[in-house]
Amino acid sequence: MSIKPARTRIAPSPTGHMHLGTARTALYDYLLAKQTGGQFILRIEDTDIKRTVAGAEQEIMDGLRWLGLEYDEGPDIGGKFGPYRQTERREIYQHHAKILINNGNAYPCFCKPDELEKKRQEQMKRKENPRYDGKCRNISPDEAAKRIANGEAHTVRFKMPHDGITIAHDHLRGEIKTENKQLNDYVLIKTDGLPTYHLAAIVDDHEMQITHVLRGSEWLGTFPLHVNIVRAFGWEEPIWIHLSVFLKPSGKGKMSKRESAQAMKDGYSIFIKDMQELGFTPEGVLNWSALMGWGVAEDDVLNMNQMIERFSIDSLTASPAAINFQKLDHFNATHIRLFTTVDLATRLKPYFTREGLTVDDDTLLKIIPLIRERLTTLDDCIAFGAFFFKEEVSPNPEDLIAKGLDAKQSAEVAKKCLEILSSLPSIDHASTESPMRSYVEESGLSPNQIFGILRVAVTGQKVSPPLFESMEIIGRETCLKRIENAIDLLSKM
RNA sequence: GCCCCUAUCGUCUAGUGGACUAGGACGCAGCCCUUUCAAGGCUACGACCGGGGUUCGAAUCCCCGUAGGGGCACCA
């Protein structure tokens, strides 16, 4: 369905951890670019030096790559339209600010921060909208030049028209009309010579030939400003798409530090780096976040190729979406079940080794079919499979006692199991099941009681993958040893 | 306070004037399967924010409320 190649960009600020919202916007950017045969670009918006956090840029790049959102151009790989870090583009913005000054759409401002702050306070006291009063709007170019030459600190402000209305067009919301008197003479270049977002983003999007700007709806307020800046340059506008924000699970407000901490306690996070550590998969995270804000009627389990195929900016939704972590679990588990055995084994191995276990690859491959459908997150493999890689297990003695039996009776059951199993040359699934079933029949006990004792003895836990298959993988000697140990434990009670 | 955006099951959403007894997914409840836990299958419960219009006809278009969200920086 592609018309012409789209160039899209994700333009995060390196001010903290990479957020879920960034990931979703990047996903949509990526899908649009790939679908149309265009390019997806990473641009770092680091013009606020005070807020820049060391390592944040790397985290963004790592996060995008982990998600599989490979960018075609970016700070670490370059590209035709670089540099891709705004602090390295200072002259470009200076140049463009001059263009605006020269064509009467911007002016130098010499007002001091404290004096502006004072005015703002007064305006608020008078219940007026805090707005720049235009003091420097009409300083003559000659005088301005002189003061600049004298080294007087100054900013550059956009000269917003006082009259009329600005009509901006958002692809999801249609025409957004704003009275110009509501708008402000925003600062374009700060005293430190670096641009604000308003100038930098507009200039870069144009210079980098971005065709579709996808960003959060928090930019809707300054959207008319941006449109005015584009028009002041006489440039063609990109297609603007303001995505809805994510709300906390209750739907009341954005995720705050408090909710983030609570989520972390529950084993969830809205930070990409955390999600990776918590055992979520790129496939799960992508599928989940994609559907918050993108209306897919049916068949909503999608991989990257399917998303690329089906994505459309026309089916994006404008209303805010409450985060639902249960649904993340669902998508994560669903994608885990879709992985091939080898793929899943590769992904699981780090979680086992992180736990200090030595992983034998053959064993790992064998246990995948047993644990796959039991995993919600990748790190669940510890709960379901750690005992395969341990020399010994240490069951809770209480757990060895079957329901309705006492320790002595349970020990008798364990002994009988040991007797049956040790008489077999091998305890593979095929040869163990039948004699064990016969024993259940004769004993008058339930499968639950007998297999329960055996399960705890062999795996060390009450909940495990299927018993006979597990014993086969653990091996005859180890199984018998573990049952003996269980008998020992029971007889001491 | 001012400006902007949004409004369908608890949640994410489909729906673009008649095909709607409003569809799907998550969750929840029940049943089946079953040696535990899952997975799987089946069934149930569950929504058009309110009020006015427009129209033969409105979830769908308009207006007014209401609610929620976002913004009002030399931050992005």
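Just so we're on the same page: letters track the sequence lines, and every chain starts at 1. Heavy atoms only: backbone and side chains are in, while hydrogens, waters and symmetry mates are out. Here the structure is a predicted model, which is why all the values come from computation and not from measurement.
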Parallel, tilted or perpendicular: which fits the ring planes of A:Phe311 and A:Trp294, with parallel below 30° and perpendicular above 60°?
perpendicular
Report the base-pairing partner of B:rU36 (Watson-Crick or G-U wobble, both distances below 3.5 angstrom), or none.
none
Atom-pair distance (CD1 on A:Ile450; P on B:rU36), nearest Å:
14 Å
Sugar-phosphate or base contact per nucleotide [nucleotides 68-76 of chain B; S, B, -; heavy atom under 4.0 Å]:
SSSSSSBBB
Classify the nucleic acid contact of A:Phe468 as base, sugar-phosphate or nothing, counting any heavy atom under 4.0 Å across all strands shown.
base
For B:rC49, the nucleotide meeting Watson-Crick or G-U wobble distances (both under 3.5 Å) is B:rG65
Partner residues of A:Trp219 under the side-chain hydrogen bond (donor to acceptor under 3.5 Å, both in side chains) criterion, sequence neighbours left out
none
Value in whole Å for how far the P atom of B:rU16 lies from CG of A:Asp314:
14 Å
For B:rC26, give its Watson-Crick or G-U wobble partner with both distances under 3.5 Å, or none.
B:rG10
For A:Arg437, which contact category applies under a 4.0 Å heavy-atom criterion: base, sugar-phosphate, or nothing?
base
Using salt bridge (charged side-chain N to carboxylate O under 4.0 Å, His left out) as the criterion, list what pairs up with A:Arg215, not counting sequence neighbours.
none
So OH of A:Tyr93 and CG of A:Leu188: to nearest 0.5 Å the spacing works out to 12.0 Å
Output the residues of residues 199-208 of chain A in contact with RNA chain B, where contact means a heavy atom of the residue under 4.0 Å from an atom of the strand; sort by number or write none.
none
With both distances under 3.5 Å as the test, what is the Watson-Crick or G-U wobble partner of B:rU55?
none
Between atom CH2 in A:Trp240 and atom C1' in B:rC5, what is the gap in whole Å?
17 Å
List, with names and distances, any nitrogen or oxygen atoms from the protein found under 3.5 Å away from nitrogen or oxygen atoms belonging to nucleotides 26-32 of chain B.
residue, atom, partner, partner atom, Å
B:rC26, OP1, A:His330, NE2, 3.4

Mind checking what makes side-chain hydrogen bond (donor to acceptor under 3.5 Å, both in side chains) contact with A:His212, not counting sequence neighbours?
none
Any residue meeting salt bridge (charged side-chain N to carboxylate O under 4.0 Å, His left out) with A:Lys462, in chain and number order, not counting sequence neighbours
A:Asp399
Would A:Arg374 and A:Asp380 satisfy salt bridge (Lys or Arg N to Asp or Glu O under 4.0 Å), going step by step from the backbone distance to the final call?
CA-CA 8 Å; A:Arg374 275 160 256 266; A:Asp380 284 343; over 6 Å; no
Give me the distance, rounded to whole Å, that separates B:rU8 from B:rA47 when you measure between the P atoms they each carry.
14 Å
Using atom CZ of A:Phe331 as one end and atom C1' of B:rU11 as the other, report the distance to the nearest whole Å.
12 Å
Once side-chain hydrogen bond (donor to acceptor under 3.5 Å, both in side chains) is applied, do any residues pair with A:Asp133, and if so which ones, sequence neighbours excluded?
A:Lys119
Please give, in whole Å, the distance from B:rG1 P to A:Gln123 CD?
18 Å
Dump the intermediate steps for salt bridge (Lys or Arg N to Asp or Glu O under 4.0 Å) on A:Glu88 and A:Arg85, then the final yes or no.
CA-CA 6 Å; A:Glu88 295 168 14; A:Arg85 222 176 258 119; 2.6 Å; yes
Encode nucleotides 44-51 of chain B as B, S and - characters from 5' to 3', where the letter depends on protein heavy atoms closer than 4.0 Å: B to the base, S only to sugar-phosphate, - to neither.
--------
Does the ring center of A:His198 lie less than 6.0 Å from the ring center of A:Phe158?
no
The residue, A:Gly452 or A:Pro249, whose nearest nucleotide of RNA chain B is more 5′ is A:Pro249
Side-chain donor/acceptor of A:Ser464 to backbone N/O of A:Gln461, under 3.5 Å:
no
Could you give the distance from CG (A:Asp204) to OH (A:Tyr197), rounded to the nearest 0.5 Å?
10.0 Å
Interatomic distance, A:Cys136 atom SG to A:Arg147 atom CZ [nearest 0.5 angstrom]
6.0 Å
Show the distances under 3.5 angstrom between N or O atoms of the protein and N or O atoms of nucleotides 7-9 of chain B.
none

Using modelled atom types only, decide if a donor and an acceptor are shared between the side chain of A:Asp46 and the backbone of A:Thr87 within a distance under 3.5 Å.
yes
When both distances are under 3.5 Å in a Watson-Crick or G-U wobble arrangement, the nucleotide paired with B:rC2 is B:rG71
Rounded to whole angstrom, note down the C1' distance from B:rC9 over to B:rA44.
14 Å
Working note: A:Glu412 + A:Lys415, criterion salt bridge (Lys or Arg N to Asp or Glu O under 4.0 Å); need CA distance, chi angles, decisive distance, verdict.
CA-CA 5 Å; A:Glu412 288 307 312; A:Lys415 278 178 195 161; 3.7 Å; yes
Could you tell me how the ring of A:His429 sits relative to the ring of A:Phe468: parallel (under 30°), tilted (30 to 60°) or perpendicular (over 60°)?
parallel
Indicate, with a heavy-atom threshold strictly under 4.0 Å, whether A:Leu467 touches base, sugar-phosphate, or nothing.
base
Just by modelled atom types, is the A:Val227 backbone N or O under 3.5 Å from a matching donor or acceptor in the A:Glu237 side chain?
no
Distance, rounded to the nearest Å, where A:Leu316 contributes CG and B:rA14 contributes C1':
15 Å
What are the two closest non-hydrogen atoms of A:Asn180 and A:Pro161, and how far apart are they?
CB-O, 3.1 Å
By ring pair (Phe, Tyr, Trp, His ring centres under 6.0 Å) - contacts of A:Phe352 (at least two apart)
A:Phe389
When all nucleic acid strands are considered with a 4.0 Å heavy-atom cut-off, which category describes A:Pro224: base, sugar-phosphate, or nothing?
nothing
Judged by atom type as modelled, is there a donor-acceptor pair below 3.5 Å linking the side chain of A:His206 to the main-chain atoms of A:Ile202?
no
Rounded to whole Å, please give me the gap between CG in A:Leu302 and C1' in B:rU13.
13 Å
Quick check on RNA chain B: between A:Phe384 and A:Thr317, whose nearest nucleotide comes earlier from the 5' end?
A:Thr317
Each nucleotide N or O in nucleotides 39-41 of chain B that has a protein N or O under 3.5 Å away: list the pair and distance.
residue, atom, partner, partner atom, Å
B:rA39, O3', A:Arg337, NH1, 3.3
B:rG40, OP1, A:Arg337, NH1, 3.1

Rounded to whole Å, how long is the line connecting atom CD of A:Gln449 with atom P of B:rU35?
14 Å
